[in-house]
Amino acid sequence: MLIASIKTEILTAVKAACQSQFGQQPEALKLGYPPEVELGDFTVECFPLAKQFRQNPAQIAQAIASEIEPSGSIQSVRAVGPYLNVKIHNHVLFGDVCNEIVGQGECLGSTDIGQGQRVMVEYLSPNTNKPLHLGHIRNGVLGMGVSKLLEATGHTVVKANLVNDRGVHICKSMLAWLKWGDGGTPETTGTKGDHFVGDWYVRYAQEEERQPDLEQETQAMLRKWESDDPETLELWKMMNEWVYGGFAETYQKLGLEFDAFYYESQTYNLGKDLIQTGLDKGAFIVAEDGAVIAKLPIDEFGTQRDGSQKVETLLRGDGTSVYVTQDLGTAKMKFDEHQLDRSIYVVGSEQNYHFQCLFKLLDMLGFEWAPECYHLSYGMVNLPEGRMKSREGTVIDADDLIEEMFQLAADEIRERDSESELSDEEIQKRAFAIGMAAIKFYLLRVRPELTINFDPKESISFDGFTGPYCQYAYARCASILRRAETEDLASVEPDFSLLGNEEELQLIRALIQFPEVVEEAARDLSPARICNHLFTVAQTVNQFYHKHPVLAAESPSLVKARLALINASAAVIKKSLSLLGIETLEEM
RNA sequence: GCGCCCGUAGCUCAGCUGGAUAGAGCACCUGACUUCUAAUCAGGUGGUCGCAGGUUCGAACCCUGCCGGGCGUGCCA
C-alpha cells in the first residue's frame, strides 16, 4: 500500500460514510495530521461539512466515525470534537511506507505534476569584471535548488546563465590592464582568473580618483569595442576567458550547473525589432527627444512624484538600446529556442521594478506567454555593519568564504579525530562537504524574499538548524545500518506491530509527509521548505535512536522493524540534502 | 509622493495558504559519554503574533486604515 493510496482509502471511506449518513457526497475534504501523534495518523476536519450538511461539526464527525468500519489499512476512526482521527494498521503505516520509501531510490519524493512542462531557470548572471561574492552564492544555491525541485516534480528544466560580458565596467578592467598590466596573466601571476581581472578593475577605480579623464579613455574604448575594433575585441575575449576560467572553478565547488550560457554581447541588440512591433501596434510611443517610451498603467505601477503616469524608456533617442530592450529580446529568444512553458528569473529584489516593467511590456506586446514569466526575487545579504559595499571593501568574496568554511570544518574534524585515524585526504573530503553544507543550508533555510543578515558566527555554526546537523543525523543512521550488516539478521522478518512509541510515530509521520513537502516546495519555488522538513526529520531521528536502541532492541524482529525505519529516514534525509545541493557523508 | 517586500520569544526564523493548547534554532541556566559517533539527547527560562478596526462558528494567516524597516521609482545593469 502506497502513501498516496492510504490517503485515497481514507477519503473514499469518509465519502462513502457521508453518502449513507447524509445522502450526499462532501464538496470538499481536507486530509491533515493531528497535532499529537497519539491522536492518530491522519485527520479529516469536519468544519467544511458543517455548512453543507447543516449540522454542527462534532455531530458530523460522530456520525461519520460510527459509519466507518475498520477495513483495509484503516485500523480505527475516532471522532474527537470536530475531527475525525484515523489510525492506520502498523504493518501499513510502518511496513509499507518504509518499503515504498526505500524502494524508490533516486525517485524518492518525485512526482509527475510537471510532466511535459519545459521551464527555464535563469540564475547567477554575473558581470565579468569582478569575482563572485556572497550575494552570488545565495543566488546560485537558490537557482540550483529550485531547478532540482522542478526536476523532482517532473519538469524539464533548462538552467541558464546570462553573462554580462560587455559595457563600460568591462572596459575599465581592460583599460587598466593595458596601461599597467605589463603583460601579466593569471598564469604568470598565479592568480585565479576572475580575481586577476577584478584586481585590474579595482586598480582602475583607484587611478580614476587621481585622473578623472580616464573616464574618457574608457568611453573611447567602449566605442572601439562597439565598432568591432579587432585589437579591442581580442583583448576583451582574452580577459573574459580568464574570468570564465575562474568562474568555472567556483561553480564547480558550489555544485552549480548550467545547460545554456547567454552572453549580453550577443543579446544586447536583440529587442529592437520588438520595439518596432510595439510602435506599430500603438503600444509604445515616440517621445519628443526621439526616445521610444511606454506608459505604465497607474493601477499597477502607481504614479511619479508629481502624480503623473509613469513612463519607461525602451530605446534611447539615438536608437541605442537600454537594459529592457535587451531583456525583451532575450525573453522572446528563450521561449523560441527552448519551447518554454515557463521562464523563471532568479534575480535580487533590487530589480523587482525592472521585472515588473519587463513582464508588463511583454504583455503589451501581446505575447501569450508573458504571464508565464516569473521573477524569483530574493532579498539581499547584509553584513552586521550593513550593506556590502565594494567601495568600502566590505564585500565578502565567494572563494574566500568557501575556503574559510572548508578550514573551519577541517579544524572541527581534526579536533574530533583525537586518535588521528583519518587520512589527510579523508579530512579534506569531509571538510569540504561539511563546510559547503553549512553555508548552503544557512542561505537556503529562510524564505527567498527575506533579507539575510549575514551573521558570521551563525553561518559557520555546525549545531542546531544547520546543514552539518542534518548530515550528522544521516551519518548516524548509516553507521547503524553498517553495523546491522555484520549481524545475522538475514532470515529475520521485521514485526512492525511492535512499533508505535511516540518517537517512532513522529518519525514515520515526518517521512510520510516528505512527498507533499517536495510538491509544496516546488510550487512555492522555496528550498526553505525542504530545509525545515529535513531538519524535523533529522531532529526526530536523533531523538528516536537516543531513546530507543535499534540493534539492541528486545527481539530480532523488532530490530528489523526499527532498521527499516532508520533505513527510510536515511533515504529521506539523503534525498532532501541532495535537493538542496548538499552532499551526504557516510561517516562524520 | 507612489509601487513592491518585510514586521511572530533577547537574536535568527517556522507556522502545512482559515482550524485542536502559537513551534524550532541560537543565547542563558541544569543534567546525560563503560551502552548503535556527545557535530547528539533530556529538562528549564522566555510571546499583548507591529497597532486599530472588519469578515468568520474560528484569524499569526483574509480585507481596510495606520506605525516601523528595506528595496526601488523613464534614457545604469
Side-chain angles (χ1 to χ4, degrees), chain A residues 30 32-36 39 43 45 47-48 50-51 56-57 80-83 85 125 127 164 167-169 264 287 289 291-296 298 300-307 310-318 320-327 347-354 356-357 377 379-380 382 387 409 412-413 415-416 434 442 445-447 449-453 455 457-458 461-466 468-469 471-473 475-477 479-484 513 516-517 520 524 528-529 531-533 535-536 539 542-543 545-547 549-553 566 587-588:
Chain A
K30 199 174 128 197
Y33 305 89
E36 308 291 339
L39 291 170
T43 194
E45 295 169 3
F47 296 102
K51 220 169 249 171
N56 91 52
V80 179
Y83 298 94
N85 292 336
S125 303
N127 292 351
N164 182 358
V168 245
H169 49 290
E264 289 193 10
D289 60 356
V292 179
I293 59 168
K295 291 197 167 183
L296 302 168
I298 292 173
E300 290 172 59
F301 290 82
T303 63
Q304 304 202 64
R305 270 171 223 279
D306 61 7
K310 297 199 87 169
V311 159
E312 178 82 353
T313 298
L314 308 177
L315 210 54
R316 292 194 190 94
D318 62 4
T320 56
S321 51
V322 294
Y323 186 38
V324 271
T325 325
Q326 178 262 122
D327 262 2
V347 181
S349 61
E350 68 272 17
Q351 295 199 41
N352 283 357
Y353 179 75
H354 170 256
Q356 199 192 347
C357 288
S377 167
M380 349 193 55
N382 289 336
R387 278 180 85 155
E412 287 281 330
I413 293 166
E415 207 169 292
R416 282 157 226 269
I434 294 168
Y442 178 79
R445 69 186 194 180
V446 301
R447 306 200 308 276
E449 63 268 29
L450 293 189
T451 302
I452 291 181
N453 294 302
D455 181 340
K457 277 195 217 93
E458 212 179 319
S461 166
F462 301 146
D463 308 318
F465 188 29
T466 67
Y469 175 96
Q471 286 176 312
Y472 180 72
R476 291 297 302 270
C477 290
S479 168
I480 293 171
L481 293 169
R482 265 195 312 277
R483 278 172 189 272
Q513 289 172 335
E516 336 170 4
V517 171
E520 287 162 8
D524 299 347
R529 283 187 179 270
C531 291
N532 282 308
H533 179 262
F535 181 62
T536 304
Q539 217 175 12
N542 276 337
Q543 289 163 359
Y545 69 60
H546 255 277
K547 196 158 174 186
V550 176
L551 298 174
I566 289 286
E587 290 178 82
M588 271 176 84

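Hydrogens, waters and symmetry mates play no part in the numbers below; they use all other heavy atoms, side chains included. Treat the numbers as computed from the prediction; the structure is a model and nothing was measured. Lettering of chains follows the sequences in order, A, B, ..., and the numbering in each one begins at 1.
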May I have the distance from [X] (atom [atom1]) to [N] (atom [atom2]), rounded to whole angstrom?
| X | N | atom1 | atom2 | result |
| --- | --- | --- | --- | --- |
| A/Tyr442 | B/C26 | OH | C1' | 11 Å |
| A/Asp455 | B/G25 | CG | P | 18 Å |
| A/Arg416 | B/A38 | CZ | C1' | 9 Å |
| A/His546 | B/A32 | NE2 | P | 15 Å |
| A/Arg483 | B/U35 | CZ | P | 11 Å |

Under 4.0 Å: is that the gap between some side-chain N or O of [X] and OP1 or OP2 of [N]?
| X | N | answer |
| --- | --- | --- |
| A/Arg476 | B/A38 | yes |
| A/Gln304 | B/G1 | no |
| A/Gln351 | B/C76 | no |
| A/Arg447 | B/A14 | yes |
| A/Asn352 | B/G72 | no |
| A/Tyr323 | B/A77 | no |
| A/Ser349 | B/C5 | no |
| A/Arg305 | B/G3 | no |
| A/Tyr469 | B/A38 | no |

For the side chain of [X], starting at C-beta, report the closest nucleotide among [options].
| X | options | result |
| --- | --- | --- |
| A/Pro468 | B/G72, B/C41, B/A39 | B/A39 |
| A/Thr313 | B/C36, B/C75, B/C6 | B/C75 |
| A/Asn164 | B/U40, B/A77, B/C71 | B/A77 |
| A/Ile413 | B/C5, B/U37, B/A39 | B/A39 |
| A/Asn453 | B/U12, B/U40, B/U37 | B/U12 |
| A/Ser479 | B/A77, B/A20, B/U37 | B/U37 |
| A/Thr43 | B/U17, B/A20, B/U37 | B/A20 |
| A/Phe465 | B/C71, B/G25, B/A77 | B/G25 |
| A/Tyr353 | B/G74, B/U40, B/G72 | B/G72 |
| A/Leu39 | B/U37, B/U12, B/A20 | B/A20 |

Once hydrogens and angles are ignored, does a donor-acceptor distance under 3.5 Å link the base of [N] to the side chain of [X]?
| X | N | value |
| --- | --- | --- |
| A/Asn85 | B/A20 | yes |
| A/Asp289 | B/C75 | yes |
| A/Thr466 | B/A39 | no |

Please classify the nucleic acid contact of [X] as base, sugar-phosphate, or nothing, using heavy-atom distances under 4.0 Å.
| X | answer |
| --- | --- |
| A/Lys457 | nothing |
| A/Glu264 | sugar-phosphate |
| A/Leu315 | nothing |
| A/Val446 | sugar-phosphate |
| A/Glu45 | base |
| A/Leu450 | sugar-phosphate |
| A/Pro34 | base |
| A/Ala475 | base |

Checklist entry - Okay, side chain of A/Ser461, backbone of A/Lys457: is any donor-acceptor separation there less than 3.5 Å? => result no
Checklist entry - Would you call B/U17 syn or anti, using the 90° rule around 0? => result syn
Item to check | Anti or syn - B/C41, cut at 90° from 0 | outcome: anti
Checklist entry - Should the pair A/Phe535 and A/Tyr469 be assigned to parallel (<30°), tilted (30 to 60°) or perpendicular (>60°) ring geometry? => result tilted
Checklist entry - RNA chain B: A/Thr320 or A/Phe47, which has the more 5' nearest nucleotide? => result A/Phe47
Item to check | A/Ala552 or A/Ser321, whichever maps to the more 5' nucleotide of RNA chain B | outcome: A/Ala552
Checklist entry - About how many Å separate CG of A/Asp524 and CZ of A/Arg447, when rounded to the nearest 0.5 Å? => result 10.5 Å
Checklist entry - Considering residues at least two apart in sequence or located in another chain, which fulfil the side chain to side chain donor-acceptor pair (under 3.5 Å) criterion with A/Glu45? => result none
Item to check | Under 3.5 Å side-chain donor-acceptor pair for A/Tyr472 and A/Asn542 | outcome: no
Checklist entry - Can you list the stems that include RNA chain B, where a stem is three or more consecutive Watson-Crick or G-U pairs with distances under 3.5 Å? => result B:1-7 with B:67-73, B:10-13 with B:23-26, B:28-32 with B:40-44, B:50-54 with B:62-66
Next on the checklist: I need the minimum non-hydrogen distance between A/Gln356 and A/Glu300, along with the two atoms involved.
Outcome noted: NE2-O, 2.9 Å
Checklist entry - side-chain contact (heavy atoms from CB on, under 4.5 Å) with A/Ile293: which of A/Leu314, A/Leu315, A/Thr313? => result A/Thr313
